[in-house]
Amino acid sequence: MTDAKPVLRLENIVKTFPGVRALDGVSFSVMPGEVHALMGENGAGKSTLMKVLGGIHQPDGGTIFMGDDAVVMSGPLEAKAKGIVFIHQELSLAEELSVAENIYLGELPTKSLGRVDWTRLADQTNAILQKLNVGFDANTRVGDLSIANQQMVEIARALTVDAKAVIFDEPTASLTDSEKVVLFDVIADLQATNVGIIYISHRMEEIFKITDRITVLRDGQYQGTVETADSTEESVTQMMIGRTLDLSRNASHHALGEVALEVRGLSCSKHYQDVSFEVRRGEVVGFYGLVGAGRTEIAETLFGLRDPSAGQILLDGEEVRINSPADAIARGISLVPEDRKGQGLVLGMNCRDNMTLPQIDTLKAGPFVAQGAEMEIFDKYHKQLDIRTPGWKQQVGNLSGGNQQKIVIGKWLSMHPKVLIVDEPTRGIDVGSKSEIHKLLRALAAQGYAVMVISSEMPEVLHVSDRIVAMYSGRVMRTFTSEDVTEDNLIQAISGMTSEQVA
Amino acid sequence: MADITRQQIGSLLAKQGILIAFVAFLIGFTIANPKFLTPDNVLSVIRSSAILGVMALGVTFVVISGNLDLSVGSMMSFSTIVVLDLHDKIGPALAIPAMFAMTLALGALIGFLVGYLKLNSLIVTLGMLSAIHGLTLTYSGGKNMDIADKEGTWFSVFGQGTALGLPIPILMFVAVAALLGLILSRTSFGRKVYAVGGNGTAATFSGIPRARTVFMCYLISATCVATAGLIQASRSLGSQNTVGQGLELEVLAAVILGGASLLGGSGTIFKTVIGVLILGFIQNGLLLIGLQFYVQFIVTWVIIILAVWLDIAAKRGKLMSPIA
């Protein structure tokens, strides 16, 4: 690797925004055929760095080299022309168009009079799709594809230009395990063609599986680049957050209280059937399963967003009907939803107003909102949850994912719920905030809250839960206690294998 | 350091761009015609903006909640015709509450369709624009409406009276603005309007009754329309069926000029008042510098586009951008 020239080299990149030094002298290089991980907590400067690379932001200092030449990325088109290709976390495809049209959007092959040459388009596209070894063809409508396959379309689009560097930004965020395997194969193929790859992810297993080197940023500063083979999760985490993390299992040591929530034979037409479980005060019950196993739908039913078709919900032993979220909230059920930005927060609103939203009607001073009471609530959870924000007036859209999630959690804690349901508590959140949120969930249970945690990440479920309900295709397969759970039998349960089959 | 200053100016422009533009307009017109900034002219501008202004205050709620109301112009015609007709039939003391009730019923219908049935507000209110026009014409039989005894009625006080040395329409505009400003910025209902417009799903997930909130916004809008109709009827004491025609776009322009986002979730009553005044002063200024009345329609449009563009450009930090 020493004799080859890097395809891309950043030297001393500086970028400031009002009041923030987002990038402070960042340097690193990507070799041809290398998969180079870029890691850092949210807010560490990864996105800003990528925007500089993509020509969306202009750096205030430093130089970008491609090969031997210093280059200036004046805009996204320029970056693309120079062979820098982004595969974004959020897909940017036209769903109503075909795969071929998406791949060659803006550069459709034409015949005379500007007519599209459909035959040539399909041939070119199918040639690329064949390389990617995917199960769909050029004429498939993109909207009919799974998220994973849509991502393949993005990658196919990257392959149409003469890519020198391909940047993957959290590519596996919405992929299943088998889809990930395909993605990693594609990345390996790209590697073989001497393209340099920058791989941004929070997921340690992936980083250690596919990358060659790791560059870490913290608070906009370059922390160093290490060979993946010489590193461990602990050492990289320490570089990212400046301290070590405790990832050990975490069963409760306090006594459990009464049953706060009991569900008996609950069904919701297509989504889940005959689900029964109970959650005690002081207990965290994890719900683990594949996407589509019905876990989120159960949470939505308990929160009054869906009507059950059969079964009972009991709160403190009394049967209840929950007709709306307002109803659920009044009965002491709170939901930290799966989609933080879409369902959890009003992004354009400030931190305080988001936090007090569910109880805004009760914070009254005469006809007006009691601003003093609002500030008290904000101050309390700002401190208790260690939310990093310049102040209550800050729009939540400007906070990092971890701090946004803390606002949502603070919002519900301030309601003092009986049952706190948390759906995917750490999705898209950096590793430091992740462990803080895990600790917080444990602490809440210790304080006597009944907590339901829905998660698709096994380490998370294992880490925070006292008991784990394993679901498969709308049914509860098995309930584990922290004593009898192992990774193997958990995986078997959520893949639909019953314990008899296993035995 | 120079960089920070530039960014500070940028952020000042982004936040107060409309206000700065407004002051610039005032200075420009005053230089062009010294009569522009005299107390008499200022009062006359505000008075003639009062009707549009009151309507814009109500529409501000609708826009912040993430919806549109294009029916306010024809609804105002309806209120005006109804109150004039009832004035002679049941007397002004009963005519006014009756007219408010009928206008509010229309607002409730729109609020039900948009809020509870979740129909697209553009379609609903565009349809209502012509439906209410039809209703007005049916009610009046197509004839102009006049009060028989124009000299002898106290009804003229809302449009022509003065108190504290100020015209009543101005006082009503100020009072409604103050009241709605307090409701929007200080009450829990106001907070819900911002939440519903900013992210309706998140509002639902916080237990906010989205449908009822939207419904209430249309009721507020209808109340403002009825108030505007009252001022209009009282000022002229007679009216055509089309008195409010086209006002819906001017109202929307004032709200947008003030800086409320058509996507919902942002805007304030104060900003809408500024938007109303900008529109009023521009139209007046154009007349004073001697432009034909008809030209102002074109110039008004150009200025609105300019204002909105500068506003967005200040937020983006550049004049043109490939992404929004």
Side-chain angles (χ1 to χ4, degrees), chain A residues 16-19 55-57 60 75-77 92 300 303-305 324-330 333-350 352-371 374 395-397 408 411-412 415 423, chain B residues 1-15 64-66 179-213 259-261 263-268 315-318 320-323:
Chain A
T16 49
F17 294 111
I56 294 166
H57 291 326
D60 300 324
L77 287 178
S92 52
E300 288 175 351
F303 197 59
L305 289 159
S324 67
D327 215 6
I329 293 165
I333 299 177
S334 290
L335 171 66
V336 175
E338 186 180 14
D339 178 1
R340 186 167 56 244
K341 292 180 179 176
Q343 302 168 332
L345 294 165
V346 183
L347 292 178
M349 227 181 206
N350 68 43
R352 184 197 69 185
D353 294 0
N354 264 290
M355 214 184 253
T356 55
L357 198 55
Q359 55 181 319
I360 194 70
D361 272 331
T362 57
L363 300 173
K364 282 250 157 89
F368 300 127
V369 174
Q371 308 233 345
E374 272 196 293
Q395 288 191 358
V396 287
V408 183
K411 164 165 108 173
W412 292 117
M415 301 297 292
D423 196 352
Chain B
M1 199 54 208
D3 202 42
I4 301 284
T5 321
R6 219 183 74 201
Q7 272 156 352
Q8 279 170 343
I9 292 171
S11 96
L12 183 72
L13 266 179
K15 280 186 193 138
I64 293 175
S65 81
L179 178 68
L180 292 185
L182 281 175
I183 289 177
L184 188 57
S185 66
R186 300 285 304 280
T187 68
S188 61
F189 170 73
R191 190 71 60 77
K192 290 180 200 168
V193 175
Y194 284 106
V196 164
N199 183 348
T201 309
T204 304
F205 272 74
S206 292
I208 304 289
R210 187 176 175 179
R212 197 199 309 158
T213 307
S261 164
L263 300 174
S266 78
T268 65
K315 279 178 195 144
R316 285 187 198 131
K318 38 182 151 174
M320 290 221 248
S321 164
I323 47 168

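A, B, ... follow the sequence lines: proteins, then strands. Residue 1 opens every chain.
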In a check of side-chain contact (heavy atoms from CB on, under 4.5 Å) between R191(B) and each of T356(A), V346(A), L363(A), which one passes?
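By the side-chain contact (heavy atoms from CB on, under 4.5 Å) criterion, R191(B) pairs with just one of T356(A), V346(A), L363(A): T356(A).
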Portion of L305(A) that has a non-hydrogen atom of chain B nearer than 4.5 angstrom:
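Side chain only.
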Partner chain B: residue of D353(A), T362(A), D327(A), I329(A) with the largest heavy-atom pair count (under 4.5 Å):
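The candidate making the most pairs under 4.5 Å is D353(A).
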Only pairs of heavy atoms separated by less than 4.5 Å count here; which of G348(A), G342(A), A365(A) has the most with chain B?
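Looking at each of G348(A), G342(A), A365(A) in turn, G342(A) comes out on top.
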Between L182(B) and chain A, which part of the residue has a heavy atom less than 4.5 Å away: side chain, backbone, both or neither?
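For L182(B), backbone and side chain are both near chain A.
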Would you please name every residue forming a side-chain hydrogen bond (donor to acceptor under 3.5 Å, both in side chains) with S334(A), sequence neighbours left out?
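Here no residue qualifies.
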Nearest heavy-atom neighbours spanning Q371(A) and R186(B)
NE2-NE, 3.8 Å
Search all heavy atoms of P367(A) against all heavy atoms of T187(B) and return the closest pair with its distance.
O-CG2, 3.6 Å
How long is the gap from [atom1] on [X] to [atom2] on [Y], to the nearest 0.5 Å?
X       : Y       : atom1 : atom2 : answer
L345(A) : F205(B) : CG    : CZ    : 12.0 Å
L347(A) : N199(B) : CG    : CG    : 6.5 Å
M355(A) : S206(B) : CE    : OG    : 12.0 Å

For chain A, the option from S266(B), G207(B), S188(B) that forms the most heavy-atom pairs under 4.5 Å:
S188(B)
